[in-house]
Amino acid sequence: MKPFDYRPATDVTTAVRDVSARPGATFVAGGTNLVDHLKLGVIQPDLLVDITSVTSTRIEDRDGGLWIGAGVRNSDLAADQRVRERYPMLAQALLAGASGQLRNMATTGGNPLQRTRCVYFQDVTTPCNKRAPGSGCSAIGGYTRYHAILGASEHCVATHPSDMAVALSALDAKVHVLTAEGESSFPFVDLHRLPAEAPDKDTRLRHGDLITAIELPPSPLARRSRYRKVRDRASYAFALVSVAAALDVADGVVRDVRIALGGVAHKPWRAYKAEQVLRGQPAEVTSYQQAAEAELADAQALDGLDGGNGFKIPLITRTLVAVLRELS
């Protein structure tokens, strides 16, 4: 491991200034992803700025929704009664992620920023455009079981690993960020980006930008929501596919719906096409299947040494239908 400097932050403004001014600096809080990458040599910062004591750990009611400080631990957020009652898909997504010990460390600001678990990204002996731009993508033609079927490019086929981020995408959450120029906010669905020709850029954040809070809007629809994760084993495994959905049905007809998919793309995938197909349609299996087919029309399976990931297309269809049936 490369030696690095360590500096506890005195306030968020100073932390942002210090990291922004030093290209080799990065933030650390729970460190559940960062420490792994330090050990593997995936990242080699020369300065860690510890923001643990300066980011908010409050969960507040605001305008009918919730304001969640970036320092709130995943376990505390999942256990909050307001989250469990108003946004059950978020609590379920958090509890489906990692282990209890890791949830006690991981934070609201850090969890959505965790990087892919692609085996080639984490193996510094292999070419990886995400880790070393221009070096190539070893996953293409390699082991692709966990990789993308939507939104990939010839430069990267990795998937985003966060369960929490899938739920936040479906919930129309908003991200609050502190930059060197001041405060800003934007929809959570705009935080992450697809790989295109620059897969090393996971998000729209610039170096030194710091997430300070996540805001959940008031949403009666979200009270009837679910998160389902399909994985190789029952605990401590990343999603092969996952579905976050909220559904409003009246007189047997879908009035409104929110859907996001995980394990299928470089970012949490908001299923806008499926939502559009469902609104105004009968709340029945045929409608759910048609919605899934519309969303997956552009899906492209990958061949690979492990048999590829073509199984994900029918798997995500069955998972989405099952979740919507449960909700209706």
Side-chain angles (χ1 to χ4, degrees), residues 30 32 59 65-68 72-112 114 117 159-174 188-189 191-192 214-249 256-265 267-271 274-275 278 288 292 315-328:
T32 56
I59 304 173
L66 287 181
W67 186 94
I68 306 163
V72 174
R73 304 292 176 173
N74 284 181
S75 54
D76 294 331
L77 185 59
D80 189 277
Q81 194 62 31
R82 292 165 294 184
V83 175
R84 295 167 70 92
E85 291 179 355
R86 300 185 210 169
Y87 311 96
M89 73 161 71
L90 177 57
Q92 293 163 9
L94 288 163
L95 293 173
S99 64
Q101 294 93 331
L102 289 174
R103 291 194 296 270
N104 287 339
M105 292 296 295
T107 62
T108 294
N111 181 293
Q114 61 183 297
R117 267 29 178 223
T159 55
H160 192 271
S162 171
D163 296 291
M164 177 187 184
V166 180
L168 292 176
S169 295
L171 289 170
D172 296 319
K174 181 182 291 186
F188 186 86
V189 292
L191 173 61
H192 301 91
I214 299 290
E215 183 180 350
L216 297 178
S219 176
L221 176 65
R223 289 180 177 269
R224 192 170 186 80
S225 64
R226 297 286 186 276
Y227 181 79
R228 180 171 294 189
K229 178 179 182 178
V230 181
R231 45 191 165 178
D232 281 329
R233 59 182 186 272
S235 100
Y236 201 54
F238 296 100
L240 291 169
V241 300
S242 66
V243 171
L247 188 67
D248 178 21
V249 175
D256 203 2
V257 61
R258 299 289 187 277
I259 301 170
L261 310 177
V264 298
K267 60 179 290 183
W269 189 268
R270 180 66 181 268
E275 293 175 2
L278 279 174
Y288 305 155
L315 181 58
I316 195 68
T317 298
R318 291 196 297 269
T319 305
L320 177 57
V321 170
V323 170
L324 293 175
R325 286 186 66 186
E326 181 181 355
L327 288 170
S328 61

Answer whether the closest heavy-atom distance between the side chains of [X] and [Y] falls below 4.5 Å.
| X | Y | result |
| --- | --- | --- |
| Arg318 | Leu315 | yes |
| Pro268 | His160 | yes |
| Leu168 | Leu90 | yes |

Side-chain donor or acceptor of [X] paired with backbone N/O of [Y] under 3.5 Å:
| X | Y | answer |
| --- | --- | --- |
| Thr107 | Gly30 | no |
| Lys267 | Leu191 | no |
| Arg86 | Leu66 | no |
| Arg82 | Glu85 | no |

Taking every non-hydrogen atom, the tightest pair across [X] and [Y]:
| X | Y | value |
| --- | --- | --- |
| Val166 | Ala260 | O-CB, 3.3 Å |
| Ser169 | Val189 | O-CG1, 3.7 Å |
| Tyr87 | Ala222 | CD2-CB, 3.8 Å |

Calculate, to the nearest 0.5 Å, the distance between atoms [atom1] and [atom2] belonging to [X] and [Y] respectively.
| X | Y | atom1 | atom2 | result |
| --- | --- | --- | --- | --- |
| Leu94 | Asp80 | CG | CG | 11.0 Å |
| Asn111 | Leu102 | CG | CG | 10.5 Å |
| Asp256 | Glu275 | CG | CD | 8.0 Å |
| Arg224 | Glu326 | CZ | CD | 9.0 Å |
| Asp248 | Ser225 | CG | OG | 12.0 Å |
| Leu216 | Trp67 | CG | CH2 | 12.0 Å |

Ignoring hydrogens and angles, write down the donor-acceptor pairs under 3.5 Å from the side chains of residues 235-246, residues two or more places apart or on other chains.
unit_1	atom_1	unit_2	atom_2	d
Ser242	OG	Tyr227	OH	3.0
Ser242	OG	Gly262	N	3.3

**OP:** Only one of Leu247, Leu320, Leu327 passes side chain to side chain contact (heavy atoms under 4.5 Å, CB included) with Tyr288; say which it is.
**Re:** Leu247

**OP:** Would you mind telling me which of Lys229, Arg226, Arg228, Arg84 makes a side chain to side chain contact (heavy atoms under 4.5 Å, CB included) with Gln92?
**Re:** Arg226

**OP:** Go through the steps for Asp172 and Arg270 under the test salt bridge (Lys or Arg N to Asp or Glu O under 4.0 Å), then give the verdict.
**Re:** CA-CA 10 Å; Asp172 296 319; Arg270 180 66 181 268; 2.8 Å; yes

Original post:
Between Arg103 and Leu77, does a side-chain contact (heavy atoms from CB on, under 4.5 Å) hold up when you go through it step by step?
Top reply: CA-CA 10 Å; Arg103 291 194 296 270; Leu77 185 59; over 6 Å; no

